[in-house]
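These values consider heavy atoms only, across backbone and side chains, with no hydrogens, waters or symmetry-generated copies. Quick caveat, the model's predicted, so the values are computed rather than measured.
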Amino acid sequence: MANVNTKKGVIGILTGGGDVPGLNPAIRAVTIRALREGYQVIGIRRGWGGAVGIVRDEKADNSENYTILSEEIVNRAGRTGGTFLHTSRTNPSNVKKGDVPAHLRDAYNADKNDLTGEVLKNLDFLGIDYMIPIGGDDTLSFGVKLYTKGVKVVAIPKTMDNDVPGTDYCIGFSTCVSRTIELANRLRTTAGSHERFLVLEVFGRYAGFTAMLPTMAGAANRCVIPEHKFDMEHLTELLIYDRNRNPSKYSVVIVSEGAMPEGGEMMFEGASTDAFGHAKLGGIGDLVSARLKDLSAKYNSGKTINVVNQRLGYLVRGGDPDAIDSIVPMAYGNLALDLILNGIHGRLVVLKNGRYDNVPLNVVTSSKKTVNIDKYYNIDRLRPRFESFEMRPLFIMTSD
C-alpha cells in the first residue's frame, strides 16, 4: 500500500528505544483523533528500523516494516503496556554493515552506513505528510535530522528516565517511579527479616530522576545518582546510621545504573555499543553491594552486615501504565494532532509547570536534562534535598 490518498493526508507514527507503559495509549490517541479528522495513519514497525527496511515496490510484502492502523487495532492495545508496533534502537545515520537490509547491501557495504536518504525516499513512497516519532533523545534526534531535510515532524517525548530536554514529563516515568516504590516495599520485608542492607539498581544512564523520586517518596534512605560521584565509605556510614535507627535493623539505597563512585567510572556489561554509541550499563549495584558488605564491619563494631542486592531493570518498565501514563499519552497524542491540523511542525509536545504546551523540536539536540544537584540533591546526606515545594511542578525536580 503506497502513496495512499485520503481526505487530508497520511500520518506516520513510530516508537523507538526502550519500551515503557504509555506508548500504546499514545498511539491510540494519535490514531483515533487522526482518523476522525480525515487522515490515514501508518504505523512504522520497530522504530526507525522499519523506516529503513521498506522495499519501494508496490508488489513487495512490507508487513514487517509498516501497517495501516485502524480504531480496532489501536483500541485492542490501547490500555496495555509496551508497544504493539515494536521498537528498536536503529539509527539510520549509522547502520552497521550487517544490519543493512538485504535489498540495499549492494549500494551500502561500508562498516557504517548513512541510510537517511533511503528513509526519506521510503516516507515519500508511503505518501507520509507528517511524521510522529515517540521516543527519547536518541530516537528524536533522528527526527530532528529528518526535519532539517524537510520532513514535517511533530514529536512526543518518551523515556522512563525522564531525561528528554524541554519537558517536565516523558511517557513512562510515572509508572517507573510507581513500580520502583512498590518493589522496594516488597523487598524491604526480606531486608528487615534478615537485618540487611537493601541495594536496588534502577535505570538512569545520565540522569538520576528514577532514583531521586522514589527516595523522596520514602522508598529508600539514600540514593546515588550519575550527577555526583559518591564516596563508598561515606555511603556505608550513612546506611549503618539509618539501619541503627530502624527498629527492624535494615536500610535501603537506590543506585542509578550510571552512578559512579569516587575514582571510578560508569560500569558496563560489555564492550559492544548500540547504533547511538551507548554501551549497555550494568553492575554498579553489584559493586556497591560488595563494597558495603566489605566496609560494614568498620562502622558496625567489627560485625559484617549482609546485603540484599536486586537490579529492578525491566520490572519497572513492564506491565500496564498507571493513571498518569494513561492520561498524559492521550493528551500528548491529541496535542500532536492539534499542531498538525494547524499546519505546525518542527515541534515537541511537552508538559511545563503542569500545563501542556509545545516547544521547538531542536531542544532535543541542543541541551541535556539532568538533576540539578545544587537545588535538589544533598551531596553530604546522599539523598534528595527537602525544601519548600511551593509552586514546584508535580514531580518536583523535573523542570529544566
Side-chain angles (χ1 to χ4, degrees), residues 18-22 81-82 159-162 169-204 207-225 230 235-236 238-259 282 284-286 288-289 292-293 296 305-328 371 376-378 381-386 389 394-398:
D19 66 295
V20 298
T159 164
M160 60 183 294
D161 296 348
N162 206 45
Y169 191 76
C170 302
I171 294 172
F173 180 60
S174 177
T175 306
C176 169
V177 172
S178 298
R179 296 274 196 279
T180 300
I181 294 169
E182 176 190 353
L183 292 168
N185 289 338
R186 288 189 183 187
L187 290 166
R188 71 174 63 250
T189 62
T190 296
S193 297
H194 297 276
E195 302 174 272
R196 297 181 180 181
F197 295 130
L198 173 58
V199 176
L200 303 174
E201 182 183 321
V202 298
F203 286 121
F209 299 113
T210 54
M212 290 279 280
L213 265 296
T215 303
M216 181 174 281
N221 302 99
R222 312 287 166 176
C223 62
V224 290
I225 60 176
F230 65 97
L235 175 61
T236 306
L238 288 171
L239 287 173
I240 288 177
Y241 169 83
D242 297 329
R243 179 177 177 271
N244 289 339
R245 287 168 58 87
N246 187 335
S248 292
K249 292 295 181 182
Y250 74 93
S251 54
V252 185
V253 59
I254 298 180
V255 181
S256 296
E257 63 177 350
I284 184 62
D286 297 336
V288 168
S289 296
L292 280 174
K293 183 175 180 178
S296 60
I305 301 171
N306 288 320
V307 181
V308 177
N309 172 25
Q310 184 68 54
R311 188 187 302 187
L312 298 186
Y314 295 99
L315 291 171
V316 301
R317 74 189 324 156
D320 296 340
D322 69 6
I324 290 177
D325 279 324
S326 298
I327 295 168
V328 172
V371 174
Y376 301 118
Y377 188 65
N378 188 325
R381 308 306 294 164
L382 299 182
R383 60 178 299 148
R385 188 184 298 277
F386 292 86
F389 294 122
L394 173 62
F395 289 106
I396 316 302
M397 63 195 68
T398 59

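Remark: the backbone N or O of Y250 is not paired with any side-chain donor or acceptor of E195 at under 3.5 angstrom. Side chain of N221 to backbone of V252: a donor-acceptor contact under 3.5 angstrom is found. Within the 3.5 Å criterion, the main-chain N or O of D161 finds a donor-acceptor partner in the side chain of T159. In this structure, the side chain of T215 does not engage the main chain of R383 through any donor-acceptor pair within 3.5 Å. Not a single donor-acceptor pair under 3.5 Å links the side chain of Y377 to the backbone N or O of M212.
For the residue pair S178/D322, the side-chain donor-acceptor check at 3.5 Å is satisfied. A donor atom on one side chain and an acceptor atom on the other are found under 3.5 Å apart for R188 and N185.
Residues F203 and L312 fail the side-chain proximity criterion, which asks for heavy atoms closer than 4.5 Å. Here the side chains of S256 and C223 are not in contact, with every heavy-atom distance at 4.5 Å or above. Two residues are said to be in side-chain contact when any heavy atoms from C-beta on lie closer than 4.5 Å; I324 and L394 meet this criterion. The closest side-chain heavy-atom distance from V308 to H194 is not below 4.5 Å. Between I171 and V20 there is a side-chain heavy-atom pair separated by less than 4.5 Å.
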side-chain contact (heavy atoms from CB on, under 4.5 Å) for R381 and R222? Distances and angles first, verdict last. CA-CA 8 Å; R381 308 306 294 164; R222 312 287 166 176; 3.6 Å; yes
Is there a side-chain contact (heavy atoms from CB on, under 4.5 Å) between V288 and L235? Walk through the geometry before answering. CA-CA 9 Å; V288 168; L235 175 61; 4.0 Å; yes
For a side-chain contact (heavy atoms from CB on, under 4.5 Å) check, start with the C-alpha distance between I396 and M216, then their side-chain angles and the critical distance, and finish with the verdict. CA-CA 10 Å; I396 316 302; M216 181 174 281; 3.9 Å; yes
For the pair L200 and Q310, evaluate side-chain contact (heavy atoms from CB on, under 4.5 Å) and give the outcome as yes or no after the intermediate values. CA-CA 5 Å; L200 303 174; Q310 184 68 54; 4.0 Å; yes
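Annotation for T175 and D320: closest pair CG2-O, 3.9 Å, computed over non-hydrogen atoms. When all heavy atoms of M397 and F209 are compared, the pair lying nearest together is O-CE2, 3.4 Å. Here the shortest heavy-atom pairing between A219 and I254 reads CB-CD1, 4.5 Å. Between D286 and E201, the closest heavy-atom pair is N-OE1, 4.4 Å. The two residues V224 and A259 make their nearest non-hydrogen contact at O-CB, 3.7 Å. The two atoms that bring L198 and A191 nearest to each other are CB-CB, 3.9 Å, heavy atoms only.
Here the straight-line distance linking atom CG of N306 with atom OG of S296 works out to 7.5 Å at 0.5 Å rounding.
Listed by first and then second residue, the salt bridge (Lys or Arg N to Asp or Glu O under 4.0 Å) pairs that reach into residues 172-187 are E182-R186, sequence neighbours excluded.
Atom OH of Y241 has 12 or fewer heavy atoms from other residues, nucleotides or ligands within 6.0 Å.
Each of N244, L292, D242 was compared with S251 under the side-chain contact (heavy atoms from CB on, under 4.5 Å) criterion, and only D242 meets it.
A parallel orientation is assigned to the rings of Y169 and F395, their planes being inclined by less than 30° (bins at 30° and 60°).
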